[in-house]
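The structure appears right after this line, and notes come after that.
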There are 2 protein chains.
Amino acid sequence: MQKSTLDSVRQVTFTKISDLGNLTVFPVTPDGTIIPVKRIFTVSQVPSGQFRGNHAHRYCSQLVVCLNGTVEIELTDSVNSSKFDLNSPDFGLLIPPGIWNKLKFEDENAVLMVLCDYPYDPDDYIRDWNVFLKLKSESSL
Amino acid sequence: MQKSTLDSVRQVTFTKISDLGNLTVFPVTPDGTIIPVKRIFTVSQVPSGQFRGNHAHRYCSQLVVCLNGTVEIELTDSVNSSKFDLNSPDFGLLIPPGIWNKLKFEDENAVLMVLCDYPYDPDDYIRDWNVFLKLKSESSL
């Protein structure tokens with residue numbers, strides 16, 4: 001596996017049909033698949049200004065989209081870091097394994113949707129920053 | 001195919017992990033699948049009090065969940081009708097084909113997520129109420 005860097009993070013735009021609000025389409029069919037979706041979760045009703053995330057994944061790629069409100073996401077590959085405002089349902093980030101994420105929910109109506117290509121597995125999560133640094137320097141993560 | 005009635009609509013509860021907000025899990029893996037997900041779309045930023053929907057499907061079953069705010073959904077099988085408040089990410093409705101839906105977005109921060117077992121197909125939509133009534137009385141829809 002090639003080591004993942006911030007350059008591996010992909011910005012993705014979705015089809016948005018605006019008519020009395022926005023209908024946004026997230027392709028999961030064989031033709032339009034961005035990732036094979038094995039798990040969907042959402043994060044909502046987070047108190048304004050609070051942080052979530054603070055972990056990386058060993059195996060799972062995640063497509064993250066903010067459906068309402070604003071979530072600021074900070075990504076780092078241990079060498080470089082970058083911040084994005086997720087604030088529109090038609091804009092998402094496809095984050096490969098080996099990228100540490102930190103999420104700031106800017107308002108309590110913010111809704112994050114996450115499409116995953118890997119089922120839930122506690123071993124997939126790296127929650128210790130020092131373990132992450134060690135893996136990034138010593139492995140192919 | 002058996003004619004669908006309101007009794008065919010299923011109320012579904014999802015796993016919600018509450019800790020600095022709510023993480024809600026929508027199973028799509030073979031073990032936990034409620035429907036095979038062929039399409040995901042969301043509806044958001046609808047002006048408060050506006051209606052959407054007003055159609056039925058010929059083939060598609062839909063799992064509808066409100067991730068933030070409140071969406072009132074009115075369902076009818078042409079004989080009986082029923083209203084539900086969708087106002088929590090851990091509560092959804094699995095709606096089979098042949099059920100007319102009307103959605104009222106109660107507030108502009110309301111976010112509806114819809115998981116579909118059928119790809120987008122214009123022929124899947126019944127948008128004329130009289131055609132719907134005719135199909136319900138004369139076919140197996």
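Bear in mind that the values here come from a model prediction, so they are computed numbers and not experimental data. Scope of the values below: all heavy atoms of this structure, side chains included, with no hydrogens, waters or symmetry mates. Just so we're on the same page: letters track the sequence lines, and every chain starts at 1.
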Are [Y] and [X] connected into the same hydrophobic cluster when the rule is that any two of I, L, V, M, F, W, Y join if their side-chain heavy atoms are below 4.5 Å apart?
| X | Y | value |
| --- | --- | --- |
| A:Ile95 | A:Leu6 | yes |
| A:Val12 | A:Ile35 | yes |
| B:Leu133 | B:Ile99 | no |
| A:Ile17 | B:Tyr120 | no |
| A:Leu103 | A:Leu93 | yes |

Legend entry - From A:Ser44 atom OG to B:Asp90 atom CG, the distance as rounded to the nearest 0.5 Å: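 Here the interatomic distance stands at 9.0 Å.
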Inset, instruction - Mind listing the closest non-hydrogen atom pair of B:Pro47 and A:Gly21 along with its distance? - result: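 Taking every non-hydrogen atom into account, CD-N, 4.0 Å.
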Legend entry - Within-4.5 Å side-chain heavy-atom neighbours: B:Ile40 and A:Ile40: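 A side-chain contact under 4.5 Å exists here.
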Legend entry - Any side-chain heavy-atom pair of A:Gln45 and B:Pro89 under 4.5 Å: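 Yes - at least one pair of side-chain heavy atoms lies under 4.5 Å apart.
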Inset, instruction - State which residues pass side chain to side chain donor-acceptor pair (under 3.5 Å) with A:Asp124; sequence neighbours excluded, sorted by chain then number. - result: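 Checked A:Asp124 against side chain to side chain donor-acceptor pair (under 3.5 Å); matches are A:His57.
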Legend entry - Those residues that, when tested against A:Asp128, pass side chain to side chain donor-acceptor pair (under 3.5 Å) (two or more places apart):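 Checked A:Asp128 against side chain to side chain donor-acceptor pair (under 3.5 Å); zero matches.
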Inset, instruction - Could you please state which residues from residues 64-78 of chain B sit under 4.5 angstrom from chain A, measuring non-hydrogen atom to non-hydrogen atom, sorted by number, or 'none'? - result: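 Hits under 4.5 Å: B:Leu67, B:Asn68.
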Inset, instruction - Check which hydrophobic residues are tied to A:Phe51 through side-chain heavy-atom contacts below 4.5 Å, counting indirect links as well, and list them. - result: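 Direct or chained contacts put A:Phe51 with none.
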Inset, instruction - Indicate yes or no for a side-chain donor-acceptor contact from A:Arg39 to the backbone of B:Phe26 under 3.5 Å, with no hydrogens or angles considered. - result: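 No; judged by distance alone, with no hydrogens or angles, the pair does not exist.
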Legend entry - Top contributor to chain A contacts, counting heavy-atom pairs under 4.5 Å, from B:Val43, B:Leu23, B:Thr24, B:Thr42: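 Option with the top pair count is B:Thr42.
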Inset, instruction - Among the options A:Leu115, A:Val46, A:Asp19, pick out the one with the most heavy-atom pairs lying under 4.5 Å from chain B. - result: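 Top count of heavy-atom pairs under 4.5 Å with chain B: A:Val46.
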Legend entry - Residue, of A:Leu20, A:Val114, A:Leu112, that accumulates the most heavy atom pairs under 4.5 Å with chain B: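 The answer is A:Leu20.
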Legend entry - Proximal component of B:Val111, with respect to chain A [non-hydrogen, under 4.5 Å]: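 The answer is the side chain of B:Val111.
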